[in-house]
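Reminder, nothing fancy here: chain letters follow the sequence lines and each chain counts from 1.
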Amino acid sequence: MKLQFIPIDFDSIDINNQTYIQMFGRDENNKKICVIEKFNDWFYVTNLKLKKKIEKTKIEGISPLKIEIENKNYLGKKVKALKIYLQSSKILNKFSEKFNGLESDINIITKYLIEKKFSPLNWLEVEGEILNNSEELRGVDRMNVDYVILADSIKLGKNKKFKPKVLAYDIETEEFEIGKGKILMISLVGENFKKVLTFKPSKKNYVECFKNEEEMLKAFIKYIKEYSPDILTGYFSDGFDLPYLRARAEKNKIKLSLGVDNSIPKFKRGRVLSGKIKGIVHIDLLKFIQIAYSQYLQSETLSLNEVASELINEKKKDISHIDLNSKVSKKQWDDFCEYNLQDSIITEKLFRKVWPDILEFSKVIGEPIYEITRGGMSQNVENYILHNLYKFNEIAKLKPNHDEISSRIKREKYEGAFVFQPTPGLYENLCFFDFTSMYASTIVTYNLSLSTLSKKPTKIIADINGKKYFSEKSGFFPELLKQIIEKRKEFKKQYKDNPNPLLKARSNAFKLIANAAYGYQGFFAARYYCLEAAAATAYFARESIKKAIKDFEKKGFKPVYSDTDSIAVLLENKSKKQALLILKEINKKLPGIMELELEDFYKRGIWVTKRTGDFGAKKKYALIDEKNNLKIRGFETVRRDWCRLSRELQNKILELILKNGNEKKALEYAKEIILKIKKRQIPLKQLIIRTQLKKPIEEYKAITPHVTIAKKMKEKGLPANMGSLIQYYIAESKNKKALVRERAKLPDEKGEYDINYYLKHQILPAIENIFEVFKININELIEGKKQTCLGDF
DNA sequence: GCGCTGTGGGTACC
DNA sequence: ACTGGTACCCACAGCGC
């Protein structure tokens with residue numbers, strides 16, 4: 001039979017020493033199906049003399065299926081290679097190791113997709129037979145899908161729209177530690193499907209009540225099987241919900257058979273766990289948001305609440321804390337159920353919102369959605385490369401081994417970007433320019449990569465701790481990056497002409513890959529690691545930006561600031577038109593694909609001194625554009641480890657100064673706030689300091705306030721683990737010389753906030769340097785000196 | 001015990 | 001360990017005296 005099929009999840013299986021690829025997805029009638037196809041895995045050997053020996057080799061009773069001689073490239077050089085096919089991939093590594101093989105370390109699904117030139121989530125045309133309790137294939141078709149088909153041939157099909165069947169879930173538990181307490185409830189939300197499973201009655205109509213935790217877990221499994229989603233999604237579900245479910249299932253001695261073959265979820269150890277369910281793509285939305293969105297989000301944490309409110313304008317249900325040790329009222333329990341349901345509702349909506357990005361990311365990189373949502377950007381860059389090496393007939397380089405990685409980690413840092421030393425002051429009429437995708441353009445323009453690093457001198461010379469040369473013949477890495485940049489441009493333009501989420505997502509996916517390519521070459525675990533290329537990229541970028549600054553200066557534009565790829569100049573008596581003309585002139589002379597573009601014009605901008613030393617601080621400035629929009633960089637206002645009071649005060653002061661062009665109103669405002677805190681009229685909420693715990697508590701050498709508080713929280717049984725945001729305030733103490741950490745208290749701990757601490761350590765640092773631009777000494781104002789001059793105090 | 005400087009730690013910029 | 005380097009600023013740690 002012949003059918004149209006869209007693959008969503010991928011796996012492989014070995015039956016009687018033959019490897020098969022399993023693809024789970026939908027047919028054109030929206031039936032959930034599994035397509036199985038034989039696949040012969042391979043590896044390469046570049047020593048042709050080994051052909052006979054390999055042919056005769058047998059491992060675990062298996063010898064090579066066939067060996068082909070191919071003309072290939074390896075790191076840009078022509079090679080003759082043996083391509084050795086094996087019917088079973090389980091002995092591939094053993095074979096490959098024996099003969100120093102290549103490409104044996106590429107994931108089998110990746111290889112299948114590369115060989116077939118399929119991309120996940122593209123429709124395929126499948127011809128084959130439906131399996132019916134096939135004994136020959138050891139009952140591989142006994143799965144919870146509508147049918148299983150063994151394919152004879154698979155071709156690219158006609159693309160059409162596809163909407164995956166999604167189920168979102170969320171659990172509420174007694175304890176935060178995985179598996180420690182019971183799971184109290186589980187919510188499930190899909191299209192026209194809303195349920196909360198629990199074992200304590202509630203009158204809410206979506207709640208289903210079971211005898212105990214065990215029965216609830218069984219029902220959870222049953223509902224997932226019945227609903228049979230393509231995608232099961234949660235928020236932080238790799239790190240919490242799924243492992244917790246696994247632990248409680250074990251405790252209740254039931255099998256968490258969520259897979260379509262009744263298998264239990266598999267967990268892969270990484271920096272954090274990732275949970276895989278056979279035949280259903282488990283997506284932890286948090287992970288994808290970290291990869292694709294975090295750099296664009298305003299949210300200070302990536303909590304579901306903050307992210308959802310920013311992306312879909314939805315909030316979690318606000319309920320008061322429930323103390324499970326005391327009696328819980330019916331109303332409280334109902335609210336709790338609703339809270340649980342709401343989390344899944346939000347997660348499902350959030351999923352719908354980011355789905356175009358997941359889809360495009362997967363198509364652009366060429367990897368299934370499970371893979372692209374895990375493993376970080378370096379992995380995505382690498383996968384993009386692997387899927388496109390065929391264009392260059394390249395054999396892939398092996399991953400570095402453990403020793404290689406260790407020595408790479410130990411290497412010294414190289415010199416990075418250039419940052420202009422600003423002169424503190426308030427400036428008027430500024431013009432910002434920046435290089436488009438600077439590092440990526442630099443890599444392309446100067447041909448910087450592992451395979452183009454040359455031992456012999458060339459015209460491309462990077463002066464990085466000695467001279468390094470790069471060949472002028474373009475290499476596959478820069479060439480690939482060039483294509484990425486071109487595609488980015490193309491889709492960006494298409495999006496401009498025809499704004500739709502898919503085009504935006506596609507353009508954004510290419511942008512993210514381009515931006516990560518530079519970091520990739522300097523990343524210790526990269527296949528195409530090349531520190532010289534990374535250092536040379538930074539070198540040529542520095543040269544470019546310094547030259548551009550000089551060029552603007554020559555044309556009479558005074559440079560004020562520059563960081564990595566941006567330049568700010570003063571317009572002074574010149575017009576915007578003139579600035580754009582100069583930009584054009586400078587652009588004409590730029591090499592390769594380097595391109596400088598106008599970022600924006602600003603009415604005013606302010607730069608301040610460092611707190612220590614009397615010169616201008618880098619990476620700290622505030623701008624106001626012609627529509628009175630503020631753009632604040634680096635200041636305490638944008639730093640989450642400062643209390644709200646200092647942040648809001650500083651923000652207001654910057655705004656008043658930039659709007660008015662002078663400090664008068666700002667000073668009035670500062671006085672007001674200082675007076676308020678002196679009178680203890682500022683609510684504690686404004687004074688909470690938040691700092692993240694970046695590692696396990698025991699590993700800290702310096703015992704800072706937030707570490708002290710974290711310890712206190714642990715003692716109280718509150719969650720304070722790696723990654724937690726620790727909140728505290730600084731309270732008064734009889735001992736004037738007590739350390740800050742000794743005065744730090746939890747937000748709900750009794751005490752009076754220390755007015756002096758907040759004046760000197762939170763308010764003063766946030767505004768002192770700003771007023772210094774106007775020769776005003778805020779410290780004197782705070783301490784109450786010169787009262788007669790300033791009044792009020 | 002005081003004052004200075006170095007270091008660890010967190011966060012932001014690009 | 002899960003892209004890179006640059007820079008700010010705090011609180012504590014450690015040193016000399």
Rounded off to whole Å, could you give me the [atom1]-to-[atom2] distance for the [X] and [N] pair?
X: F524(A); N: dG4(C); atom1: CZ; atom2: P; value: 6 Å
X: H706(A); N: dT11(B); atom1: NE2; atom2: C1'; value: 11 Å
X: Y621(A); N: dC13(B); atom1: OH; atom2: P; value: 8 Å
X: M438(A); N: dC14(B); atom1: CE; atom2: P; value: 13 Å
X: E300(A); N: dA12(B); atom1: CD; atom2: P; value: 7 Å
X: R374(A); N: dA1(C); atom1: CZ; atom2: P; value: 21 Å

Practice task
Please step through side-chain hydrogen bond (donor to acceptor under 3.5 Å, both in side chains) for the pair Q686(A) and R644(A), ending with a clear verdict.
Solution key: CA-CA 5 Å; Q686(A) 297 277 97; R644(A) 283 229 323 250; 3.3 Å; yes

Handout entry: Given F420(A), F432(A), F557(A), F552(A), the one that forms side-chain contact (heavy atoms from CB on, under 4.5 Å) with I567(A)
Key = F552(A)

Handout entry: Side-chain (E306(A)) to main-chain (S299(A)) donor-acceptor, under 3.5 angstrom
Key = no

Problem - N/O donor-acceptor pair under 3.5 Å between S441(A) side chain and T436(A) backbone - result: yes

Handout entry: R374(A)-Q379(A) side chain donor-acceptor pair, cut-off 3.5 Å
Key = no

Practice task
Report yes or no: do T110(A) and H387(A) form a side-chain donor-acceptor pair below 3.5 Å?
Solution key: no

What residues form a salt bridge (Lys or Arg N to Asp or Glu O under 4.0 Å) with [X], not counting sequence neighbours?
X: E749(A); result: K712(A)
X: E404(A); result: R408(A)
X: R741(A); result: none

Practice task
Summarise protein proximity over nucleotides 8-17 of chain C in one line of letters, 5' to 3': B for base, S for sugar-phosphate only, - for none, counting protein heavy atoms closer than 4.0 Å.
Solution key: SSSSSS----

Practice task
Ignoring backbone atoms, test whether R633(A) places a side-chain nitrogen or oxygen under 4.0 Å from the OP1 or OP2 oxygen of dC14(B).
Solution key: yes

Exercise for the section: Verify the contact: side-chain N or O of T564(A) to OP1 or OP2 of dC14(B), cut-off strictly under 4.0 Å; return yes or no. Expected result: no

Exercise for the section: Tell me which residues in residues 532-549 of chain A put a heavy atom below 4.0 Å from DNA chain C, sorted by number, or none. Expected result: none

Practice task
Output the residues of residues 401-416 of chain A in contact with DNA chain C, where contact means a heavy atom of the residue under 4.0 Å from an atom of the strand; sort by number or write none.
Solution key: R411(A), K413(A), Y414(A), E415(A), G416(A)

Hey, is [X] close enough to [Y] for a salt bridge, meaning N to O under 4.0 Å?
X: K620(A); Y: E636(A); answer: yes
X: K619(A); Y: D563(A); answer: yes
X: E595(A); Y: K489(A); answer: yes

Taking distance alone, no hydrogens or angles, what donor-acceptor pairs closer than 3.5 Å link side-chain atoms of residues 285-294 of chain A to residues at least two apart or in another chain?
residue : atom : partner : partner atom : Å
K287(A) : NZ   : D238(A) : OD2          : 2.7
K287(A) : NZ   : L273(A) : O            : 2.8
Y293(A) : OH   : D357(A) : OD1          : 2.8
S294(A) : OG   : Q290(A) : O            : 2.7

Practice task
Side chain of A525(A) only, please: which of dT3(C), dA1(C), dG9(B) is the nearest?
Solution key: dA1(C)

Practice task
Report, as yes or no, whether the 6.0 Å neighbourhood of atom NZ on K482(A) holds more than 12 heavy atoms from other residues, nucleotides or ligands.
Solution key: no

Handout entry: Residue-level proximity of residues 284-297 of chain A to DNA chain B when a heavy atom falls under 4.0 Å
Key = none

Exercise for the section: Enumerate the residues from residues 686-694 of chain A whose closest heavy atom to DNA chain B is under 4.0 Å, giving them by residue number; use none for an empty result. Expected result: T691(A), Q692(A), K694(A)

Taking only nitrogen or oxygen atoms into account, show me every contact under 3.5 Å that the protein makes with nucleotides 2-4 of chain B, one pair per line with its distance.
residue : atom : partner : partner atom : Å
dC2(B)  : OP1  : K737(A) : NZ           : 3.3

Problem - For D641(A), all residues meeting side-chain hydrogen bond (donor to acceptor under 3.5 Å, both in side chains), sequence neighbours excluded - result: R639(A)

Exercise for the section: Apply the test side-chain hydrogen bond (donor to acceptor under 3.5 Å, both in side chains) to residues Y602(A) and K631(A): give CA-CA distance (whole Å), side-chain angles for both, the deciding distance (0.1 Å), then the verdict. Expected result: CA-CA 10 Å; Y602(A) 296 91; K631(A) 185 169 171 179; 3.3 Å; yes

Problem - Row check, Y370(A) ring normal vs K276(A) NZ/CZ: under 6.0 Å, within 45° - result: yes

Problem - Ring centre gap for H706(A) and Y700(A) strictly below 6.0 Å - result: yes

Fill in the blank from the handout: Quick note, salt bridge (charged side-chain N to carboxylate O under 4.0 Å, His left out) partners involving residues 530-549 of chain A, not counting sequence neighbours, are E415(A)-R542(A), K547(A)-D551(A)

